[in-house]
Amino acid sequence: MVKATVLGASGGIGQPLSLLLKLNEAITELALYDIVNSPGVAADLSHINTPARVTGYLPADEGLKCALTNAHLVVIPAGVPRKPGMTRDDLFKINAGIVRDLATGIAQHAPNAYILIISNPVNSTVPIVVEVLKKHCVFDPKKIFGVTTLDVVRASTFSSEIIGSDPRDVRVPVVGGHSGVTIVPLLSQISPQKGFSEEQIEKLTHRIQYGGDEVVKAKDGAGSATLSMAQAGARFASSILDATVKGKPGIIEPSYVCLDADKEHCSQLKDAIGGLEYFSYNVELGPDGIHKIHGLGEVSPYERKLLESAIPELKQNIEKGVSFINSKL
Ligand SMILES: NC(=O)C1=CN([C@@H]2O[C@H](COP(=O)(O)OP(=O)(O)OC[C@H]3O[C@@H](n4cnc5c(N)ncnc54)[C@H](O)[C@@H]3O)[C@@H](O)[C@H]2O)C=CC1
Ligand SMILES: O=C([O-])CC(=O)C(=O)O
């Protein structure tokens, strides 16, 4: 039995993400939780002839508890999205409390689940979840992931537009965090190797860092990326299931994680990024979640500068999340 739970399942990301999870045949039960509409979304998806049994829950009648009990995997896209002119950090005011309360539910009802955090600002919401789990003594750093897959998906797509190749064949590591300057694409490590000009590198880097803004602007007040995020979230969830349920070795996905997850490599990795406790790296998955966190590899002087700009902002974002919990619980 493999139960997956989506918290915020009726939203712009939640609905298409739940659809894609319903199509994942490794999942036998799909629990959808939201403060509105989740029974309707569940009824609709339940007619699709794939194995997962779909259930929908609202907060009444211990809905969160029922949605979470026995979950193997919990994905969190609950919370408000940006409007034009906002930063992801502007969402903290509303989303920090939403994520804290959902994390409390996870600590109580699904303490062993793999947790995939989509809600922004990811740079702060991941530390929020970690601090809540620590307070409940159920923190396992190997099981908590900030979903940054969309940055990598965008990096492939935007780079391949310049190269003129199939985007599925292009891989660009993206490290750091998930907002503006904290998103650091390592274009010098693009695979297959491609010698971009300096101007191309600067333009591509900017486009990858601010790809989310392109969508926010185009949607003109109606929200941010939902469909591409659903695909990216489903890809990440599928990789977690492949590693933890099917036992497939060697799966590498980039993700924003707590560096305590890999103490063996941790001290060296932390030195390279000014001692930060959280960072997005290429993460190798194993049967228990994070198996190994891969380092930065060789970075160019331009990328080193990008990292130097990312570190102070990430530090602030992390501290904001940590102190939100420690001054409130
Ligand atoms: N990590 C990433 O790469 C990305 C993250 N995001 C973030 O994902 C979040 C969701 O975005 P959208 O789906 O577009 O927003 P949305 O507003 O369409 O959906 C959010 C859903 O969360 C639900 N919700 C609110 N409070 C809740 C609670 N306490 N418990 C359960 N559900 C609750 C709402 O009812 C709604 O259905 C935003 O914070 C957005 O910034 C968006 C795109 C990419
Ligand atoms: O831009 C936003 O606010 C949503 C997001 O995180 C993204 O699309 O990368």
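Counting convention: from 1, in listed order, for ligands and their atoms alike.
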Item to check | Asn120 near ligand 2 by a heavy-atom separation under 4.0 Å | outcome: yes
Checklist entry - Looking at atom 39 (O) of ligand 1, what's its closest protein heavy atom, distance included? => result Val80 O, 2.9 Å
Next on the checklist: Between ligand 1 and His178, is the shortest N or O to N or O distance under 3.5 Å?
Outcome noted: yes
Checklist entry - At a 4.0 Å cut-off, with the gap strictly under it, does some heavy atom of Ala225 reach an atom of ligand 1? => result yes
Checklist entry - In the protein, what heavy atom is nearest to atom 25 (C) of ligand 1, and what distance, to one decimal place, separates them? => result Ile35 CD1, 3.8 Å
Checklist outcome for this item: Ranked by distance from atom 44 (C) of ligand 1, the top protein heavy atom is Met229 SD, 3.3 Å
Next on the checklist: Which residue and atom name correspond to the protein heavy atom nearest atom 6 (N) of ligand 1, and how close is it?
Outcome noted: Asn120 ND2, 3.4 Å
Checklist outcome for this item: Nearest non-hydrogen protein atom to atom 3 (O) of ligand 2, with distance, is Arg82 NE, 2.6 Å
Next on the checklist: salt bridge (charged side-chain N to carboxylate O under 4.0 Å, His left out), that's the test. Do Glu264 and Lys292 meet it? Break it down for me.
Outcome noted: CA-CA 9 Å; Glu264 196 189 325; Lys292 182 178 176 189; over 6 Å; no
Checklist entry - Looking only at heavy atoms, is any part of Leu150 under 4.0 Å from ligand 2, and if so is it the side chain, the backbone, or both, or is it neither? => result side chain
Next on the checklist: When you compare ligand 1 with Ala78, is there at least one nitrogen or oxygen pair between them that comes in under 3.5 angstrom?
Outcome noted: no
Item to check | side-chain hydrogen bond (donor to acceptor under 3.5 Å, both in side chains) between Asn123 and Thr182, worked out | outcome: CA-CA 9 Å; Asn123 294 355; Thr182 72; 3.2 Å; yes
Checklist entry - What's the shortest distance from atom 5 (C) of ligand 1 to any protein heavy atom, and which residue and atom give it? => result Ile118 O, 3.0 Å
Checklist entry - Less than 3.5 Å between some nitrogen or oxygen of Ser119 and one of ligand 1, yes or no? => result no
Item to check | Side chain, backbone, both or neither: Val147 near ligand 1, heavy atoms under 4.0 Å | outcome: backbone
Checklist entry - Between the main-chain N or O of Val147 and the side-chain N or O of Ser255, is there a donor-acceptor pair closer than 3.5 Å? => result no
Checklist entry - Taking it one step at a time, do Ser119 and Asn95 satisfy side-chain hydrogen bond (donor to acceptor under 3.5 Å, both in side chains)? => result CA-CA 7 Å; Ser119 314; Asn95 290 354; 5.9 Å; no
Checklist outcome for this item: Closest to atom 6 (O) of ligand 2 among protein heavy atoms sits His178 NE2, 2.6 Å
Checklist entry - Of the backbone atoms (N, CA, C, O) and the side-chain heavy atoms from C-beta on, which set of Arg88 has a member under 4.0 Å from an atom of ligand 1: side chain, backbone, both, or neither? => result neither
Checklist entry - Side-chain heavy atoms under 4.5 angstrom apart, residues restricted to Ile, Leu, Val, Met, Phe, Trp, Tyr: same cluster for Ile27 and Ile251? => result yes
Checklist entry - Any heavy atom of Leu7 sitting closer than 4.0 Å to ligand 1? => result no
Item to check | Test of proximity, Gly12 against ligand 1: N or O pairs below 3.5 Å | outcome: yes
Next on the checklist: Considering both backbone and side-chain atoms of Asp34, is one of its nitrogen or oxygen atoms within less than 3.5 Å of a nitrogen or oxygen in ligand 1?
Outcome noted: yes
Checklist entry - With a 4.0 Å cut-off, would you call Lys142 and Asp140 a salt bridge? => result no
Checklist entry - How does Val122 reach ligand 2, if at all, at less than 4.0 Å between non-hydrogen atoms: by side chain, backbone, both, or neither? => result neither
Checklist entry - Which part of Met229 is near ligand 2, with near meaning a heavy atom under 4.0 Å away: side chain, backbone, both or neither? => result neither
Next on the checklist: Is the contact between Arg154 and ligand 2 made by the side chain, the backbone, both, or neither, using heavy atoms and a 4.0 Å cut-off?
Outcome noted: side chain
Item to check | Nearest neighbour in protein (non-hydrogen) for atom 7 (C) of ligand 2 | outcome: Arg88 NH2, 3.4 Å
Checklist entry - Should the pair His72 and Tyr114 be assigned to parallel (<30°), tilted (30 to 60°) or perpendicular (>60°) ring geometry? => result tilted
Item to check | Heteroatom distance test (Ile98, ligand 1): nitrogen or oxygen, under 3.5 angstrom | outcome: no
Checklist entry - Would you say ligand 1 has an N or O under 3.5 Å from any N or O of Val36? => result no
Checklist entry - Should Asn95 be listed as contacting ligand 1, given a heavy-atom distance under 4.0 Å as the test? => result yes
Next on the checklist: For atom 42 (C) of ligand 1, what is the closest protein heavy atom, and at what distance to 0.1 Å?
Outcome noted: Ile13 CD1, 3.3 Å
